[in-house]
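For reference, the structure is listed below as structure tokens.
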Amino acid sequence: MYDINTVRKDFPILGREVYKRPLVYLDNAATTQKPRCVVEAIANEYYSVNANVHRGVHFLSQQATDLHEAARETVRRFINARDVAEVVFTRGTTESLNLVASSYGEAFLHEGDEVIVTVMEHHSDIVPWQLLRERKGIVLKVVPMTDEGVLDLDAYEQLFTPRTRLVCVAHVSNVLGTVNPVKRMAEIAHAHGAHILVDGAQSVPHFKVDVQDIGCDFMVFSGHKVYGPTGIGVLYGREDLLDRMPPYQGGGEMIARVTFEHTTYERLPFKFEAGTPDYVGSHALAVALDYVSALGMDHIHAHERALTQYAMEQMQAIEGMHLFGTAPGKDAVVAFNVGNIHPLDLGTLLDRLGIAIRTGHHCAQPLMQRCGVEGMARASFALYNTREEVDALVQGIDRVRKMF
Ligand code: PMP
């Protein structure tokens with residue numbers, strides 16, 4: 001069973017103090033803390049296995065390669081991809097999105113073709129498409145949302161034209177916590193002959209994400225938000241699409257044969273992995289995925305949903321509280337402002353109480369504009385957070401509120 005006190009012991013950092021107060025870490029949408037097994041996997045690999053992967057004839061290189069490729073299989077299983085050829089290691093969500101914009105953009109998008117994004121996308125799912133717009137003259141269209149933070153699916157469907165090629169949507173909003181109906185959105189996209197990319201940065205850490213069940217063409221996520229290390233992430237792509245896309249970067253690892261006249265490329269997924277990969281990071285990510293799998297994604301989800309609901313109820317009772325994002329079934333993120341208190345002041349004063357939240361535009365400035373604010377405060381939960389920590393947040397906010 002899911003015993004929160006046992007779970008917390010796996011995360012040494014949770015035991016530390018800041019400003020002589022116990023740390024209350026509620027900035028998990030930015031990055032999660034790491035369990036001991038992940039940190040030890042990194043140290044152990046450097047201590048006892050380290051060697052560059054692929055093509056090495058010696059023992060260590062083969063062992064490191066085995067760990068790296070076993071990690072790819074772990075990721076495949078975790079997201080239920082059909083084949084390891086569909087699992088590309090990248091530096092993270094941002095690089096995965098830039099890879100698709102660059103390579104899919106090169107293969108499939110021409111002047112006047114349309115890409116649909118949503119009003120709640122992270123900048124990393126907006127700016128690469130704008131860069132492509134500058135290069136190729138594609139058209140960007142935006143799915144609107146209701147005041148509760150629910151995407152308007154009728155408006156979404158009306159955006160499609162015969163020129164629509166691709167839809168890009170966050171599975172879970174990093175600000176509103178809205179869980180978008182990506183399976184339904186994929187059906188609609190496909191009915192219109194378009195592809196769909198799901199940004200899983202905020203869903204993969206919280207509940208079971210099955211790329212075949214969703215029916216998406218691409219899915220991206222970051223290791224560091226799912227208890228793995230920074231600097232490693234994943235691009236899932238359907239094999240037939242990846243096959244038709246050109247390499248993103250050139251270099252070692254991604255080639256089959258090079259002459260000055262002509263170069264042929266490696267098979268998938270290596271075609272997209274130029275240079276020495278983060279093979280320690282991939283293994284540590286696999287350890288993190290095994291860790292959450294052993295706890296059970298369903299248990300994690302239930303725990304976090306209950307915590308989010310509790311937090312919403314408790315926070316609503318605070319005078320002057322404005323919560324952003326009240327979609328049914330919202331997940332693990334609570335964005336808010338209190339009265340006229342600037343979110344930066346709120347965050348700074350909460351920090352002095354040992355409570356780590358994030359403030360600002362959360363890399364979603366168009367969403368801030370839609371909500372009519374410059375910024376917000378945001379508390380975001382992970383598998384190790386407790387009701388007592390939510391209570392500390394609520395008491396902290398109330399204390400700050402009384403200072404103004
Ligand atoms: N998309 C979403 C929904 C996110 O929450 C984030 C991280 N805040 C990103 C993309 C970017 O992730 P990374 O910085 O790890 O590349």
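All ligand and atom numbering here is 1-based and tracks the order in the structure. FYI, the numbering just counts along the sequence from 1.
Side-chain contact check for Tyr236 versus Val75: every heavy-atom pair is 4.5 Å or farther apart.
For Asp199, every heavy-atom contact with ligand 1 shorter than 4.0 Å involves the side chain, none the backbone. When heavy-atom distances to ligand 1 are checked against a 4.0 Å cut-off, Glu95 has no atom that comes that close, whether in backbone or side chain.
Nearest protein heavy-atom contact of atom 5 (O) of ligand 1 is Gln202 NE2, 2.6 Å. For atom 7 (C) of ligand 1, the closest heavy atom belonging to the protein is Lys225 NZ, 2.5 Å. Atom 10 (C) of ligand 1 has its closest protein heavy atom at Ser124 OG, 3.2 Å. The nearest heavy-atom contact from the protein to atom 14 (O) of ligand 1 is Thr94 OG1, 3.7 Å. For atom 4 (C) of ligand 1, the nearest non-hydrogen atom of the protein is His122 CD2, 3.5 Å.
In this structure, Asp27 pairs ionically with Arg378, as a charged nitrogen and a carboxylate oxygen lie closer than 4.0 Å. For the pair Lys183 and Glu187, the salt-bridge criterion is not met [side-chain N within less than 4.0 Å of a carboxylate O].
Residue contact annotation: Ala170 has no non-hydrogen atom under 4.0 Å from ligand 1. Heavy atoms of Glu121 stay at 4.0 angstrom or farther from ligand 1. The closest approach between His224 and ligand 1 falls below 4.0 Å for a heavy atom of the residue.
Relative to the six-membered ring of Tyr310, Arg387 meets both conditions, a distance below 6.0 Å and an angle of at most 45° to the axis. Annotation: cation-pi pair Lys34/Tyr291 absent, no NZ/CZ under 6.0 Å from the ring centroid and within 45° of its normal.
Legend: salt bridge (charged side-chain N to carboxylate O under 4.0 Å, His left out) pairs involving residues 137-164, not counting sequence neighbours, sorted by first then second residue: Asp113-Arg163, Glu114-Lys141, Asp147-Arg370.
When the side chain to side chain contact (heavy atoms under 4.5 Å, CB included) test is applied to Val84, the partners found at least two apart in sequence or on another chain are Arg72, Glu73, Arg76.
Atoms of ligand 1 found under 4.0 Å from any heavy atom of Asn174, numbered from 1 in the order shown, are 5 (O). For ligand 1, the atoms lying closer than 4.0 Å to a non-hydrogen atom of Ser222 are 12 (O), 13 (P), 15 (O), 16 (O).
Counting heavy-atom neighbours within 6.0 Å of Glu374 CD, excluding the residue itself, gives a total of 12 or less.
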